[in-house]
> 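One structure coming up, written as structure tokens, with questions to follow.
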Amino acid sequence: MTTTAAHRSVARTYPLIGLLLLLAAAFVRLWQISTRPGFEWDEPVYEVIGRNEAAHGLLQTKTEVVASPEPYLYHPPFYYKLLGWWFELFGAGVTQARVLAAIGSLLMLVLLWALLRRLIGNWALLAVALIAFDGWMVFSNRISWIENTMMPIGVAGLWLYVRALGNPKVLNFALAGFLLGATAVYKHLGIYFLGAAVIHWIVIRREGRGHAVLLAVAVSVIVSYIGSMFLVFGDVYERESGVQVLRSLGQELSRGSIDSLGDLFGPLMAQYKIFVSTLVLAAIGGGLLIYRTVLIIRHRAEIRRLGADYGQTVLYSWAVAGVLLLAVSQIKLPQYFLMVIVPLYCFIVSEVRTFVAQSVAKQNRNQFGYATRPHIVVGALAAVLMLAGLGASAQRMYGYRDRALQDVATWTAQPANMPTDAIVITEESVGTTIKQPYCKLWRGDTCAGATHIITYTSHTQKPSTENRLMDLVATATEVYRASGYKETLVVYRLPRPVRSTQ
């Protein structure tokens, strides 16, 4: 059998391999998803909003005891609308929300395969496999983070963009711009997909008219959304969305923001070091990005003469956009990392593809055997990385007790431990998990009638430094403590109800 015939024979098995890969990816994402891992920070809040949307058509989370109900607009409403519809069909709960997230991640893998087949051919299978079985991705895709349902929209937008590059009609660029703009509307940080297209335009300096149309349509979608939200929600939208933007830029105080190198590397050396294969691949990807950036700068003329094969440049631009997103955002929430991992792994595979092709060409052989050794080495290394990733995700989810938020909810639900009408000063995520009415931490001693305080700290969530709160804690008695893999929650009982100082 000739080399070409053998390659065709192997290629014919790719759809079957892809189907088996997708089934395996579904299994590792859905198995015991209701209990593993424990509740993550945003999940109780999102679940309550989705429940209110399903039951009452209200875009609201649990309201503080001293506040008036208002729409929850820190993020765009579309995920919560989707979650409400999902709850109507399958019932409400964190488990149902997690299943929706897992399905979104599987849809992303399918769309990613379609995108990568256009860009790097059959090497798409390797990139999708690395993402499907990466430890951090498996863990993240089991959590009801908005990003899990945002990624398929963005990947579909990039697919339309690549399609427009191959068939550069104005309509094709307009369709790509519409979907890339819609991704930013679905989740604000989804704008990095649009950023990838803009960076690619800067790199290739081609199809200027098409790119201008794409950008104009995307901006029109975003501006139309913002204008509509102002018309419907007015000052509430401006205030809540503005707070989220300012937090991301480091202009608004946030306990999850990065103020020093210790804030960045501390969590990596603590709770995230378990995902060692992910960190290694991310470091390799970062190094390759620097290397490729130097080459692009040195060989501008060669880049400009590129034909319709944009495999490396599109994936390079997407990876650069992801790294810039992580660098600019001052809130290093863990779900943001998955937006970087996906393009970075795709870029790594595109670079490996180029390296292997060059190696095989240098060997100048037409027979199977020695010429295929680079593929064998790459396959073996990929298998080791995927096994390491699966081991890390299994250890993260099954190797530790990780139910701190649930434990606190269970403890506070017992009237003997805490009256159901007790007012608690705590975080929003904790306040939505417990049955009792609550005030947010920043209110401190202005929360009249409060009898308990529940604090939450982790490697990424710093202890509160509010003096009014700390003064209260100093007088309180610790009555319960719950610890998970990364966080500690402490329940305090105050010696007397708070008398508001306002």
Side-chain angles (χ1 to χ4, degrees), residues 17-43 93-109 112 125-145 147-148 151 267-285 333-342 344-345 348 379-407 458-460 482-488:
I17 296 173
L19 177 60
L20 294 175
L21 185 154
L22 188 64
L23 291 174
F27 175 79
V28 298
R29 280 159 176 76
L30 293 170
W31 176 253
Q32 295 187 343
I33 195 172
S34 62
T35 57
R36 309 285 181 167
F39 287 177
E40 283 292 312
W41 182 244
D42 292 318
E43 289 190 287
V94 171
T95 298
Q96 289 86 339
R98 286 181 167 186
V99 170
L100 177 62
I103 291 174
S105 73
L106 295 172
L107 178 59
M108 182 204 70
L109 292 177
L112 190 63
L125 188 64
L126 176 60
V128 171
L130 284 174
I131 293 167
F133 301 115
D134 175 76
W136 179 251
M137 290 301 298
V138 171
F139 169 75
S140 299
N141 294 159
R142 293 167 61 95
I143 298 170
S144 56
W145 283 328
E147 287 73 13
N148 283 312
M151 291 297 290
L268 288 178
M269 296 298 102
Q271 67 192 64
Y272 299 131
K273 67 181 179 183
I274 192 172
F275 299 104
V276 61
S277 60
T278 302
L279 296 175
V280 168
L281 275 174
I284 292 172
L333 295 178
Q335 58 266 42
Y336 295 176
F337 196 37
L338 71 88
M339 293 191 286
V340 182
I341 288 176
V342 173
L344 206 56
Y345 283 16
I348 290 172
L381 288 175
V384 170
L385 288 169
M386 285 185 280
L387 288 173
L390 288 174
S393 63
Q395 185 180 359
R396 168 65 179 84
M397 291 184 288
Y398 295 94
Y400 305 89
R401 179 167 180 80
D402 190 32
R403 294 178 50 85
L405 276 171
Q406 294 100 309
D407 288 343
S458 70
H459 296 292
T460 54
S483 295
Y485 172 74
K486 68 181 188 303
E487 72 267 283
T488 297

> Any side-chain heavy atom of Ile17 within less than 4.5 Å of one from Leu125?
yes

> Who passes side-chain contact (heavy atoms from CB on, under 4.5 Å) against Gln406, sequence neighbours left out?
Phe39, Arg403

> Between the side chain of Arg142 and the main-chain N/O of Gln32, is any donor-acceptor distance below 3.5 Å?
yes

> List the atom of Arg98, the atom of Ile33, and the distance in Å for their closest heavy-atom pair.
NH1-O, 2.9 Å

> Tell me which one of Arg36, Lys486, Arg396 satisfies side chain to side chain donor-acceptor pair (under 3.5 Å) with Asp402.
Arg396

> What heavy-atom pair brings Ser483 and Ala404 nearest, and what distance separates the two atoms?
C-CB, 3.9 Å

> Looking at every non-hydrogen atom in both residues, tell me the closest pair between Ile131 and Met137 and how far apart they are.
O-CB, 3.3 Å

> Drop me the distance from Glu43's CD to Ser144's OG, to the nearest 0.5 angstrom.
3.5 Å

> Yes or no on side chain to side chain contact (heavy atoms under 4.5 Å, CB included) for Phe337 and Thr278, after CA distance, side-chain angles and deciding distance?
CA-CA 10 Å; Phe337 196 37; Thr278 302; 3.9 Å; yes

> What pairs with Trp145 under side chain to side chain donor-acceptor pair (under 3.5 Å), at least two apart in sequence or on another chain?
none

> If you look at every heavy atom in Ser277 and Tyr345, which pair is closest and at what distance?
O-OH, 4.4 Å

> Please report the C-alpha distance between Leu405 and Glu40 in whole Å, then the side-chain angles of each, then the deciding distance to 0.1 Å, and finally whether the side chain to side chain contact (heavy atoms under 4.5 Å, CB included) criterion is met.
CA-CA 8 Å; Leu405 276 171; Glu40 283 292 312; over 6 Å; no

> Find the distance between CD1 (Ile143) and CH2 (Trp41) and round it off to the nearest 0.5 Å.
14.0 Å

> To the nearest 0.5 Å, how far apart are CG in Leu130 and CD1 in Ile341?
11.5 Å

> Sequence neighbours excluded, which residues qualify as side chain to side chain donor-acceptor pair (under 3.5 Å) partners of Gln335?
Asp42

> In a table with atom names and distances, give each donor-acceptor pair under 3.5 Å that connects a side chain of residues 383-395 to protein atoms at least two apart or in another chain.
| unit_1 | atom_1 | unit_2 | atom_2 | d |
| --- | --- | --- | --- | --- |
| Ser393 | OG | Gly389 | O | 3.4 |
| Ser393 | OG | Leu390 | O | 2.9 |
| Gln395 | NE2 | Tyr400 | OH | 3.4 |

> Do Val342 and Met108 have side chains that approach each other closer than 4.5 Å (heavy atoms only, starting at C-beta)?
yes

> Can you list everything that forms a side-chain contact (heavy atoms from CB on, under 4.5 Å) with Ser34? Sequence neighbours excluded, please.
Thr95

> Mind checking side chain to side chain donor-acceptor pair (under 3.5 Å) for Asn148 and listing every partner two or more places apart, or none if nothing turns up?
Asn141

